[in-house]
Amino acid sequence: MKERVLLKGGRVVDPSQGIDEPLDVLLDSGVVEALGKASAKGAEVIDVSGLVVCPGFIDLHVHLREPGREDKETIATGTRAAAAGGFTAVCAMPNTEPVNDQAGITRFILDRARAEGAVRVYPIGAITKGSMGEEIAEYGDLREAGCVAVSDDGRPVASARVFRRALEYAKAFDLTVIDHCEEPTLAQGASMNEGPVATLLGLRGNPSAGEAMIVERDVLLADLTGGKVHVAHLSTALGAEAVRRGKARGVRVTAEATPHHMLLTDSLVKESGYDTSTKMNPPLRSESDREALLEALRDGTVDCIATDHAPHAVDDKKCEYDLAAFGIVGLETAVALCLDRLVGAGVVDLPRLVALLSTNPARVLGLPGGTLAPGSPADVTVLDLARKVKVDPARFESRGRNSPFGGWSLKGGPAMTLVGGRVVFTA
Amino acid sequence: MKAYPHRHLLGIEELSPEHVQTILDTADGLREVLDRPIKKVPALRGKTVVNLFYEPSTRTRASFEVAEKVLSADSLSITTATSSVQKGETLLDTARNLEAMNPDMIVIRHSSSGAPHFLARHCRSAIVNAGDGAHEHPTQALLDALTLRQKKGRLKGLRVAIVGDLLHSRVMRSNVWLLTKMGADVVLCAPPTLVPPGIEALAPVTHRIDEAVEGADAVMMLRIQRERMTGGFYPSDREYHLRFGLTAARAARAKKDVLILHPGPMNRGVEIASEVADGPYSVILDQVTNGVAVRMAVLYLLLGGSAEAVA
């Protein structure tokens with residue numbers, strides 16, 4: 001493939017520059033050279049007429065499982081799944097084995113990503129050593145090695161004192177602290193949302209108040225310390241309200257929401273007859289929570305859409321519901337779900353969706369990309385709004401097959417993914 | 001049309017009132033066999049039933065076994081303490097290996113809610129739920145209903161108080177579904193820490209046992225499930241008994257001919273006073289006998305019998 005690529009005849013949607021119009025995009029030597037009329041001399045021309053050209057999508061919340069759980073996913077398979085899903089970059093959560101709490105592990109992840117990654121990988125370091133919630137990790141080393149944020153995702157930091165220190169110390173290295181907001185004693189033993197459905201199913205429930213009180217705590221501590229907190233996978237109306245109030249007060253708080261929390265509710269656990277692909281943490285919530293999340297998406301309380309892609313081996317899911325692992329895969333379904341069920345359904349328009357998937361995630365963590373402004377990385381997601389997508393987990397690039405969306409028919413999906421000017425996926 | 005169209009018995013929730021009626025009528029018809037000098041009929045000759053018990057059980061397991069023997073089914077019981085589960089075998093592997101021996105039915109008791117649904121999805125056999133986690137215990141509700149119907153002549157319009165550990169109780173869930181479907185008037189009672197959220201959509205809840213028992217035709221006491229408690233639901237057994245236990249004085253607030261039920265095993269002196277458990281209106285032992293009849297009916301209907309054949 002040539003170094004110069006011209007994406008010709010597409011509709012460019014780039015919310016970072018307020019662009020939504022037919023333009024050609026010229027990429028050269030890994031960066032965007034020009035938008036609009038440009039000399040295609042010496043360039044490989046790719047016809048994207050009828051398609052939408054966007055700055056590359058960035059998923060802030062992905063579990064690549066390597067090192068340690070290569071039976072669930074590897075950096076190679078996880079990034080191939082990302083490319084197939086229209087993502088040009090993923091942030092890798094640190095709950096690997098061992099936990100990414102040291103520069104050496106960060107470097108290992110980046111080495112593997114350079115060697116085998118289909119898309120860019122930005123490691124996230126641990127908030128605390130071993131994600132044990134006790135002592136903060138070496139943020140200076142982690143930042144220098146390439147971490148873009150810190151998080152103890154999956155193991156919420158119980159101690160307010162420790163979380164406060166993390167927010168304070170992270171300021172020295174301009175790191176955002178990403179929190180999985182869950183009050184651990186309230187969520188103990190839970191396998192789904194607390195409420196009438198859990199009562200009928202006889203499953204222990206995780207109450208929405210447990211998320212909201214930690215969002216409140218984190219907002220208060222971000223205010224106290226001047227640190228930057230990002231709320232991972234917001235799932236409740238109360239949590240969204242806490243973020244909204246924090247933002248209104250000027251606290252440095254941002255939030256993401258997943259497609260599954262915006263599209264599904266806890267009633268699916270019952271309708272599916274205890275299907276373990278409906279089990280994740282935070283759990284699918286009530287219909288009023290789901291509606292509140294959509295409202296938070298519309299009014300800007302939610303900054304980005306992230307997948308919480310959590311691949312598992314078949315055996316981790318093919319068992320009793322309360323024993324099954326938490327999490328579902330999301331990289332290969334997110335964009336089609338958003339195009340059909342958010343844009344198609346009129347929840348948000350296309351430029352806003354591109355902002356939620358690209359410009360905003362880049363801004364939240366200060367990552368390169370999220371824009372097609374000349375000089376930016378040549379990371380491009382091309383969408384086909386007419387493409388018919390039938391979700392078939394058996395054909396995922398990911399090793400994970402654990403999706404509640406199997407069999408869904410969707411309209412619109414990724415058509416092509418380019419990273420650094422190279423095509424890494426074509427539908 | 002088959003009188004009982006379901007392949008499995010996973011819960012009461014999905015049964016229609018007519019199906020409940022069919023099972024109870026069949027049980028009534030079959031109960032007579034238990035009084036015969038030779039307690040055996042050939043109804044299920046050549047059928048194989050596996051009783052797969054992942055939780056300790058005395059009554060339910062014995063009851064299924066007796067029902068299987070009376071109907072001439074070949075049966076084997078597997079309890080986890082003596083099985084390959086101790087060696088780390090998964091539920092699915094255990095079930096599939098048992099299935100390779102071509103049973104017609106698997107009766108399963110498991111601490112995980114939904115375990116029978118999981119087997120129903122992955123196995124060929126008919127699945128009977130003998131109690132799954134805090135979800136359902138359908139044959140218990142059926143035997144309770146059979147007992148009430150026997151003693152009171154009806155279910156419709158009966159005032160039934162269900163008192164005790166509602167939160168962890170599969171017996172409560174199955175009974176609420178069954179009794180409300182059949183037109184009984186159910187009231188639930190527990191300390192607020194033991195009330196599962198949203199249950200009031202199915203039946204009214206009170207925290208005062210005196211109110212619950214007042215004028216009741218039947219009081220169904222639930223066991224405090226210490227083994228499922230992760231602590232702190234109530235301060236002490238003493239206070240529980242004092243405030244929420246069924247004492248003789250409280251039982252006296254109910255109708256004169258009140259029936260006292262308990263699915264067992266009982267914590268005497270906690271949820272129920274011995275004088276009540278052993279008192280004249282206690283039908284706790286009738287429940288056990290009816291348990292056999294109900295399980296005979298379920299086996300019979302699921303393994304291909306028709307309701308008319310035994311009527």
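By convention in this document, chain letters (A, B, ...) are assigned in the order of the sequence lines, proteins followed by strands, and residues within each chain are numbered from 1. Both backbone and side-chain heavy atoms feed into the values below; hydrogens, waters and symmetry mates do not.
- For the set B:Ser169, B:Gly114, B:Ala201, B:Gly198, the entry with the most heavy-atom pairs within less than 4.5 Å of chain A is B:Gly114.
- A donor-acceptor pair shorter than 3.5 Å can be found between the side chains of A:Asp153 and A:His61.
- A side-chain donor from one of A:Asp275 and A:Ser277 sits under 3.5 Å from a side-chain acceptor of the other.
- With a 4.5 angstrom heavy-atom cutoff, A:Ser272 touches chain B only via backbone atoms.
- Interface residue A:Leu200: backbone and side-chain heavy atoms are both found under 4.5 Å from chain B.
- Within the cation-pi definition used here (under 6.0 Å to the ring centroid, within 45° of the axis), B:Arg109 does not qualify as a partner of B:Phe53.
- With a threshold of 4.5 angstrom between heavy atoms, B:Leu167 does not approach chain A through any atom at all.
- A:His260 and A:Asp308 are not linked by any side-chain donor-acceptor pair at a separation below 3.5 angstrom, with hydrogens and angles left out of the test.
- Within the 4.5 angstrom heavy-atom criterion, only side-chain atoms of B:Glu13, from C-beta onward, approach chain A.
- The candidate with the highest count of non-hydrogen atom pairs below 4.5 Å against chain B, out of A:Pro207, A:Cys319, A:Gly195, is A:Cys319.
- Under the 6.0 Å distance and 45° angle rule, A:Arg401 does not count as a cation-pi partner of A:Phe396.
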